[in-house]
Amino acid sequence: MTAEKAALASGSILVVGGGISGLTTTLEAAEVGYEVFLVEKNPYLGGRVTQLNQYFPKLCPPSCGLEINFRRIKDNPRIHVFTLAEVEKVDGTAGNYDVTIKLNPRFVNENCTACDECVDACPVERNNGFNFDMDKNKAIYRPFNMAFPMRYVIDPSVCTGPECGKCAEVCKYDAIELQMEAKTINLNVGAIVWATGWEPYDASKIDNLGFGQYDNIITNMMMERLAAPNGPTKGKILRPSDNKEPESVLFVQCAGSRDENHLPYCSYICCMASLKQATYVRERYPDAKIYICYIDVRAPGQRYEKFYKKIKEDENVFLIKGKAAEVSEDPETRNITVVAENTETGEKIHQTAEMVVLATGMVPTTLASKPPADLKYNEDGFIVNDFEKGGMFAAGCANKPSDVVSSNQNATGMALKAIQTLVRR
Ligand SMILES: Cc1cc2nc3c(=O)[nH]c(=O)nc-3n(C[C@H](O)[C@H](O)[C@H](O)COP(=O)(O)OP(=O)(O)OC[C@H]3O[C@@H](n4cnc5c(N)ncnc54)[C@H](O)[C@@H]3O)c2cc1C
């Protein structure tokens, strides 16, 4: 490379979204010598993967993959991480973007040792969104036990600030700054990778499937939190109405997916997620029965097919070909009966279970709030990569519904696209 080219190649990259895709793009670009700014709106990195109990198909906890990435980030001086941060404005063109970033206050500084004394002193409780409101935490909180950065944060929507000040009083490390204010910073970068990910489809919009109406109908992401050792029930899968250990669990596949009234597309991961969650229940309750109502099971590729076949061999797992059409609750037992219709034969199946899990799909975060940049979207709100125009790219679930492996592959590709933008300037 000529000296001139090398100088051009030292331009920087902005990655928006610190989920598994954003982390991958950041690390791949930084580890070959590029400066990367990583902007994450949450107070922690890792995205939705941090809420999972285990990853399919290996069934290892997400911390195995994430911790290595966090270490690589810590060790790399070319990476600049901003949490509680959002992009406010993007001006310019490929190779030369001026970006304005808003840094929201954490109200807790780097002195924090995560000792927990502030939490004991805090008198304000809030719904714990990380656990889909299945438990409560305090106005000052650590998002979850393995959060990176390992620092507390205050929720300003419920905290009464200096008026209360109890957390600041007990903090021995001078870590709490209740007067902290939002800041704005400006960056000049050559390329931007949007890795803004997904949100669970709002199950309460699916009128016929009883979410929000019957306590014992939960979503697949709630199941991840119930099964997680750091979740609201410390990993015990208990049905919400009475904390009973369920003797039967029914999974409703394509809950709101492949449905013109909700999400017309397949989210790619829901079949695998339910098969995986069947193992969570079977592991804990050896006699429990699992029913999976499906239109067709999508377990793409060799490894996923193998995983599916293994679960199918379990004599307590029953696969029912039928699209769930309606649900009802027995008011005494609080059990749920699902009526599913075989779309080919028209046959109706009634199946009762103590708990129902709706396998809801993924919605791009960009559907509800579009980034302030000139991007193209498909009809479902996912960002379309315009490689001809270049400069800005979408990685992982910002681009399409994907599992972790495909998100990582796609994010690695987008790191290369971002680097090519800088080199070709
Ligand atoms: C029930 C369920 C179970 C699953 N289980 C598995 C599994 O076992 N194995 C597997 O491979 N996959 C699984 N998946 C899929 C997996 O969750 C996704 O592949 C993964 O989350 C994709 O990562 P991502 O970084 O693209 O998106 P996300 O995880 O959504 O991360 C996006 C990040 O961007 C941030 N962000 C969003 N908007 C902005 C903004 N404007 N500014 C700054 N930051 C922003 C978000 O806060 C978030 O941190 C499962 C999915 C579901 C629904």
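Counting starts at 1 for both ligands and their atoms, following the listed order.
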Geometric class of the Tyr265/Phe382 ring pair [parallel <30°, tilted 30-60°, perpendicular >60°] = perpendicular
Identity of the nearest option to atom 41 (N) of ligand 1, non-hydrogen atoms only, from Thr24, Thr366, Thr196, Leu23 | Thr196
Distance-only N or O hit between ligand 1 and Glu86, under 3.5 Å | no
Quick one: nearest non-hydrogen protein atom to atom 29 (O) of ligand 1, plus distance?
-> Arg48 N, 2.9 Å
Please report which non-hydrogen protein atom sits nearest to atom 4 (C) of ligand 1, along with the residue it belongs to and the distance in Å to one decimal place.
-> Leu52 CD2, 3.7 Å
Hey, looking at atom 15 (C) of ligand 1, which of Ser402, Ser274, Ser406 has the closest heavy atom?
-> Ser402
Could you establish whether Pro371 and ligand 1 come within less than 4.0 Å of each other, counting only heavy atoms on the residue side?
-> no
Examine Lys417 relative to Phe387 and say whether NZ or CZ is less than 6.0 Å from the centre of the six-membered ring and inside a 45° cone about the ring axis.
-> yes
Where on Ser267 is there a heavy atom closer than 4.0 Å to ligand 1, on the side chain, on the backbone, on both, or on neither?
-> neither
Under 4.0 Å from a heavy atom of Ala195: give me the atoms of ligand 1 that qualify, with their elements.
-> 32 (C), 33 (C), 34 (O)
For atom NZ of Lys321, is the number of surrounding heavy atoms from other residues, nucleotides or ligands below 6.0 Å larger than 12?
-> yes
So is there a nitrogen or oxygen of Val404 less than 3.5 Å from a nitrogen or oxygen in ligand 1?
-> yes
Applying salt bridge (charged side-chain N to carboxylate O under 4.0 Å, His left out), which residue pairs with at least one partner in residues 79-100 are found, sequence neighbours left out?
-> Lys89-Asp91
Look at atom 20 (C) of ligand 1 and find which of Phe56, Trp194, Trp198 reaches it with the closest heavy atom.
-> Trp198
Close-contact set for ligand 1 against Ser407 heavy atoms, below 4.0 Å = 19 (O), 22 (C)
N/O of Lys41 under 3.5 Å from N/O of ligand 1, yes or no?
-> yes
Hey, is NZ on Lys400 packed in by over 12 heavy atoms from elsewhere, all under 6.0 Å?
-> no
Geometric N/O contact Tyr304 with ligand 1, under 3.5 angstrom | no
Enumerate the atoms of ligand 1 whose separation from the nearest heavy atom of Val16 is less than 4.0 angstrom.
-> 42 (N), 43 (C)
Does Lys276 approach ligand 1 within less than 4.0 angstrom via side chain, backbone, both or neither, non-hydrogen atoms only?
-> side chain
Short version for Ala273: what comes under 4.0 Å of ligand 1, heavy atoms counted, is side chain
Rounded to the nearest 0.5 Å, the CZ atom of Arg303 sits from the NZ atom of Lys58 at a distance of 6.0 Å
Residue among Glu40, Arg151, Arg106 satisfying side-chain hydrogen bond (donor to acceptor under 3.5 Å, both in side chains) with Thr83 | Arg106
Would you mind telling me if ligand 1 is within reach of the side chain of Asp403, the backbone, both or neither, using heavy atoms under 4.0 Å?
-> both
Would you please name every residue forming a side-chain hydrogen bond (donor to acceptor under 3.5 Å, both in side chains) with Asn385, sequence neighbours left out?
-> none
Looking at Gly17, which atoms of ligand 1 are within less than 4.0 Å of one of its heavy atoms?
-> 34 (O), 35 (C), 44 (N)
May I ask you to identify, for Leu45, whether its side chain, its backbone, both or neither come under 4.0 Å of ligand 1 on a heavy-atom basis?
-> neither
For Glu224, take its heavy atoms, then give the atoms of ligand 1 lying under 4.0 Å from any of them.
-> 3 (C)
Around atom 35 (C) of ligand 1, find the nearest protein heavy atom and jot down its residue, atom name and distance.
-> Glu40 OE1, 3.2 Å
Decide yes or no for Arg298 and Tyr268: does some side-chain heavy atom of the first lie under 4.5 Å from some side-chain heavy atom of the second?
-> no
Looking only at protein heavy atoms, which one is nearest to atom 52 (C) of ligand 1, and how far off is it?
-> Ile269 CD1, 3.5 Å
Can you list the ligand 1 atoms lying under 4.0 Å from a non-hydrogen atom of Gly47?
-> 29 (O), 31 (O), 48 (C), 49 (O)
What residue among Val252, Val357, Leu275 forms side-chain contact (heavy atoms from CB on, under 4.5 Å) with Ile292?
-> Leu275
Note: ligand 1 atoms sitting under 4.0 Å from heavy atoms of Gly197 are 27 (O), 28 (P), 30 (O), 32 (C)
Mark up the atoms of ligand 1 that fall under 4.0 Å of a heavy atom belonging to Met221, in ascending order.
-> 1 (C), 2 (C), 52 (C), 53 (C)
Would you sort out whether Tyr280 and Glu224 count as a side-chain hydrogen bond (donor to acceptor under 3.5 Å, both in side chains), showing the intermediate values?
-> CA-CA 9 Å; Tyr280 297 169; Glu224 291 293 336; 2.8 Å; yes
Short side-chain donor-acceptor distance under 3.5 Å, Arg71 and Asn76 = no
Indicate the ring-plane relationship of Tyr44 and Phe144, choosing parallel, tilted or perpendicular according to the 30° and 60° boundaries.
-> perpendicular
Return a yes/no value for Asn220: is any of its N or O atoms, backbone included, closer than 3.5 angstrom to an N or O of ligand 1?
-> no
Can Gln54 be said to touch ligand 1, with heavy atoms closer than 4.0 Å?
-> yes
In the protein, what heavy atom is nearest to atom 25 (O) of ligand 1, and what distance, to one decimal place, separates them?
-> Ser21 N, 3.0 Å
Which word best sums up how the rings of Phe148 and Phe70 line up, parallel for under 30°, tilted for 30 to 60°, or perpendicular for over 60°?
-> parallel
Check Cys397 against ligand 1 and report side chain, backbone, both or neither, counting heavy atoms closer than 4.0 Å.
-> both
Protein heavy-atom partner closest to atom 31 (O) of ligand 1 - residue, atom, separation in Å = Gly19 CA, 3.4 Å
Might you confirm whether atom NZ of Lys348 has over 12 heavy atoms from other residues, nucleotides or ligands at distances under 6.0 Å?
-> no
Could you label the plane-to-plane angle of the Tyr304 and Phe56 rings as parallel, tilted or perpendicular, counting under 30° as parallel and over 60° as perpendicular?
-> perpendicular
Quick check: does any side chain N or O of Glu245 sit under 3.5 Å from a backbone N or O of Ile237, one acting as donor and the other as acceptor?
-> no
Which residue holds the protein heavy atom closest to atom 23 (O) of ligand 1, what is that atom called, and what is the gap in Å?
-> Ile20 CG2, 3.3 Å
Please determine which of Asn127, Asn128, Thr233 meets the side-chain hydrogen bond (donor to acceptor under 3.5 Å, both in side chains) test together with Asp135.
-> Asn128
